[in-house]
Amino acid sequence: MPVREAPADVFRPYGSRELDTLLRRSSLSERYRREARAVAEVLPFRTNSYVVDHLIDWSAVPDDPMFRLTFPQPDMLPREDRLRVAELVASAAPRRRINEVVQGIRRRLNPHPAGQRERNVPMAGGQRTPGVQHKYRETVLFFPRRGQTCHAYCTYCFRWAQFVGDADLKFAGEAEPLVRYLRDHPEVTDVLVTGGDPLIMSAGVLAQYVEPLLDGALEHVSTIRIGTKSLSYWPHRFLTDPDAEELLALFRRVVRAGRHLVIVAHYSHPRELSTDMAVEAVRRVRETGATIRVQAPVIRGVNDEAGLWTQLWSSSVRLGMVPYYMFVERDTGPQDYFAVPLVRAWEIFRDAYAQVSGLGRTARGPVMSADEGKVCVDGTLTIGEDKVFVLRYLQARQPSWVGRPFLARFDPRAIWWSQLEPVSDVLGGRPWERPPGQFIPGSAGAAGRSTRPGPR
Ligand SMILES: *Cc1c(COP(=O)(O)O)cnc(C)c1O
């Protein structure tokens with residue numbers, strides 16, 4: 001059965017029900033398709049007509065980077081796991097039995113990295129404020145109750161658990177407690193509206209969350225950021241969606257209220273900026289007075305080449321956007337499949353950074369967003385006999401840790417913070433000033449797995 005065609009500018013999501021039909025666009029083996037379907041039982045799959053028709057090069061599947069970015073691939077799960085699920089599905093096992101097995105596999109994929117589940121709900125005026133995560137002194141994250149999905153899912157998403165209903169969505173919240181919290185916290189300058197993708201909400205619903213922040217009592221909130229992948233996965237959000245104009249009008253109101261509105265755009269690959277629709281969407285957002293900052297993780301097989309980052313950052317600058325973070329993939333989900341060793345991520349960053357003009361060098365990275373803060377890999381050094389990583393907190397729960405270089409033992413295979421070990425005896429045992437974060441017993445290792453996949 002062909003996937004039903006919809007007018008190109010009407011949002012049409014595809015899920016696991018359409019997966020097999022979509023996979024037949026390429027000459028993949030029956031076995032590949034069966035195992036990819038098994039993976040989609042475990043990890044969330046959602047894409048849409050624009051991604052499928054405009055971003056994926058079907059002649060290059062399964063190696064195409066945009067395909068790898070959005071479609072399940074057999075190797076994302078250990079062989080034994082995917083064969084087990086594939087067999088259960090093929091033998092029409094009862095749903096309950098399949099779900100049991102699937103839940104077991106999910107639990108082994110570290111579904112809640114870096115305290116994602118234990119977001120402690122802060123209090124304001126003696127009341128709980130769900131949806132608020134007071135991440136850094138000046139920065140509050142807000143998860144609106146509505147808006148906990150996306151126009152398409154990235155296969156590496158660190159929030160994958162919430163898309164399979166495995167995370168408690170009660171952490172999300174409404175506007176009123178947020179406003180109460182912000183009134184109590186004049187030190188907060190930045191509110192980050194995140195999700196899911198907040199721009200999955202209609203303009204009217206989004207306005208219910210954003211407009212209260214423009215209140216005169218919240219003048220200290222100078223910046224409102226909205227994190228989104230919609231500029232890439234569904235640019236029609238800003239062009240032809242029924243409420244596109246209303247959305248842009250909301251952006252204008254925020255700017256007119258004297259606040260800095262930042263669209264934090266998730267772009268993983270320069271191809272996402274290659275369509276006329278993508279370029280026009282950027283132009284329209286910028287026209288409102290909002291600024292756009294560009295960030296993404298380094299993902300093996302998707303964007304693990306310096307040339308792609310050079311293109312991404314230079315196209316961004318050309319379109320008036322500001323390169324922001326290059327992240328390291330978090331320790332969750334199919335991390336082993338996508339992970340790039342830290343030293344390789346740093347080489348990619350450095351080589352790309354060296355190729356762009358100063359305006360592209362607003363990019364920082366590679367960055368690990370860990371529980372204690374954001375750790376940037378600044379490079380490697382050889383001191384005497386010892387090779388070390390040079391690290392630095394770009395953000396920390398402890399403001400005093402920010403911006404001080406510190407060292408960890410070099411490990412060519414390390415892919416995440418929890419695998420790094422402090423350097424204590426370099427420089428002949430001289431006491432080494434180090435931010436405490438890395439050395440609180442158990443703090444670095446507590447959340448992470450210690451898998452060390454070799455190069456594949
Ligand atoms: C980066 C980041 C932020 C925002 O920090 P900035 O450095 O101000 O952009 C907030 N929360 C998390 C989890 C982050 O990784």
Side-chain angles (χ1 to χ4, degrees), residues 110 112-120 122 131-144 148 154 156-162 167 171-173 178 181-182 185 187-198 220-229 259-268 290-299 316 321-333 335 345 349 362-378 391-404 416-418 435 437 443 447-448:
N110 189 26
H112 307 289
Q116 285 293 302
R117 169 130 57 195
E118 294 76 26
R119 300 175 218 224
N120 28 13
V132 171
Q133 215 184 357
H134 198 154
K135 186 82 189 180
Y136 307 118
R137 191 185 48 197
E138 70 285 359
T139 306
V140 154
L141 269 64
F142 178 62
F143 299 80
Q148 295 300 319
C154 301
Y156 58 72
C157 182
F158 71 90
R159 297 215 168 109
W160 64 274
Q162 79 188 44
F171 69 78
L178 170 68
Y181 188 82
L182 293 172
H185 289 272
E187 75 278 17
V188 174
T189 57
D190 287 42
V191 173
L192 281 62
V193 185
T194 181
D197 189 328
H220 55 286
V221 177
S222 61
T223 301
I224 298 170
R225 309 190 210 173
I226 299 178
T228 186
K229 185 92 195 175
R259 314 302 174 93
H260 183 177
L261 176 63
V262 183
I263 304 303
V264 184
H266 183 174
Y267 287 109
S268 320
T291 56
I292 306 174
R293 288 182 181 253
V294 171
Q295 65 181 29
V298 193
I299 300 296
S316 299
M321 301 190 285
V322 183
Y324 198 42
Y325 287 127
M326 173 198 274
F327 286 110
V328 175
E329 167 70 347
R330 283 198 189 187
D331 52 339
T332 178
Q335 184 201 25
F349 178 87
T362 49
R364 288 175 296 170
V367 176
M368 291 173 276
S369 183
D371 210 15
E372 308 85 333
K374 258 198 184 69
V375 182
C376 184
V377 180
D378 278 339
L391 306 167
R392 178 172 51 118
Y393 276 104
L394 298 180
Q395 280 290 7
R397 291 189 187 265
Q398 285 279 0
S400 63
W401 299 354
V402 172
R404 299 171 196 257
W416 189 251
W417 170 236
S418 53
S443 73

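None of the values given here were measured: they were computed from a predicted structure. One-based numbering, in listed order, for ligands and for the atoms of each. Values reported hereafter were calculated over all heavy atoms of this structure, with side chains retained and with hydrogens, waters and symmetry mates removed. Throughout, residue positions are numbered sequentially from 1 according to the sequence presented.
- Remark: ligand 1 atoms within the under-4.0 Å shell around heavy atoms of Q395 are 5 (O), 6 (P), 7 (O), 8 (O).
- Atoms of ligand 1 found under 4.0 Å from any heavy atom of R330, numbered from 1 in the order shown, are 13 (C).
- Listed by number with element, the atoms of ligand 1 under 4.0 angstrom from any heavy atom of L141 are 10 (C), 11 (N).
- Proximity of V367 to ligand 1, defined as any heavy-atom pair under 4.0 Å, is not found for any part of the residue.
- When heavy-atom distances to ligand 1 are checked against a 4.0 Å cut-off, R364 has no atom that comes that close, whether in backbone or side chain.
- Ring orientation note: the planes of H134 and H185 are nearly perpendicular, at an angle over 60° on the 30°/60° scale.
- A side-chain donor-acceptor contact under 3.5 Å links D197 and T228.
- Atom 3 (C) of ligand 1 has its nearest heavy-atom neighbour, among R293, K374, K135, in K374.
- For ligand 1 and R225, the ligand atoms under 4.0 Å from any heavy atom of the residue are 4 (C), 6 (P), 8 (O), 9 (O).
- For the pair S316 (side chain) and V322 (backbone), a donor-acceptor distance under 3.5 Å is absent.
- Atom CZ of F327 and atom NZ of K374 lie 4.5 Å apart (nearest 0.5 Å).
- T362 OG1 to Y324 OH: the interatomic distance, rounded to the nearest 0.5 Å, is 10.0 Å.
- Counting heavy atoms from C-beta on, the side chains of E138 and Q395 come closer than 4.5 Å.
- Here is the list of ligand 1 atoms found below 4.0 Å of a heavy atom in L192: 4 (C), 10 (C).
- Taking every heavy atom of both residues into account, Y156 and E329 meet most closely at O-OE2, 3.0 Å.
- Of all the atoms in ligand 1, the ones that sit under 4.0 Å from a non-hydrogen atom of Y324 are 6 (P), 7 (O), 8 (O), 9 (O).
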